[in-house]
Visitor: 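To start, I am sharing the structure in question, which I have written as structure tokens.
Computed from a predicted structure; not experimentally measured. We use all heavy atoms of the structure for the numbers below, so side chains are in, but hydrogens, waters and symmetry mates are not.
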Amino acid sequence: MEASRWSRWTTITAVLMLAAIAAVVSYSHMYELAQRHGEPPWRAALFPLSVETA
């Protein structure tokens, strides 16, 4: 495999991994925050989705 192609795929993989980690941490933080403020579990699970897509 060509060096520039390897570098490109390595960069893409690293960025996707970091984005996935950030998404999981952000979602779990907002889910826990909603639960602490009295939201039922089903609404707490939807809350992070409504905020992130707005």
Side-chain angles (χ1 to χ4, degrees):
M1 185 181 292
E2 203 174 299
S4 63
R5 181 178 280 176
W6 181 85
S7 176
R8 184 178 310 130
W9 282 110
T10 302
T11 301
I12 290 170
T13 302
V15 168
L16 289 176
M17 286 175 53
L18 289 173
I21 292 168
V24 168
V25 170
S26 176
Y27 181 90
S28 64
H29 172 73
M30 287 193 290
Y31 175 77
E32 290 177 17
L33 183 66
Q35 279 194 317
R36 285 183 191 168
H37 286 275
E39 293 295 334
W42 70 272
R43 284 201 331 219
L46 293 176
F47 173 69
L49 300 176
S50 69
V51 173
E52 289 293 328
T53 59

Visitor: Distance from Leu33 atom CG to Ser28 atom OG, nearest 0.5 Å?
Guide: 11.0 Å

Visitor: I need the minimum non-hydrogen distance between Ala44 and Gln35, along with the two atoms involved.
Guide: CB-CG, 3.6 Å

Visitor: Drop me the distance from Trp9's CH2 to Thr11's OG1, to the nearest 0.5 angstrom.
Guide: 11.5 Å

Visitor: CD/Glu2 to CZ/Arg8 distance, rounded to the nearest 0.5 angstrom?
Guide: 8.0 Å

Visitor: Do Tyr31 and Trp42 share a hydrophobic cluster, counting only Ile, Leu, Val, Met, Phe, Trp and Tyr and linking them when any side-chain heavy atoms are less than 4.5 Å apart?
Guide: yes

Visitor: Any donor-acceptor pair under 3.5 Å linking the side chain of Thr10 with the backbone of Trp6?
Guide: yes

Visitor: For Ser50 and Phe47, indicate whether the former's side chain and the latter's backbone hold a donor-acceptor pair under 3.5 Å.
Guide: yes

Visitor: Are any side-chain N or O atoms of Tyr27 and backbone N or O atoms of Ala45, one a donor and one an acceptor, separated by less than 3.5 Å?
Guide: yes

Visitor: Would Val25 end up clustered with Leu18 when hydrophobic side chains under 4.5 Å apart are linked, directly or stepwise?
Guide: no

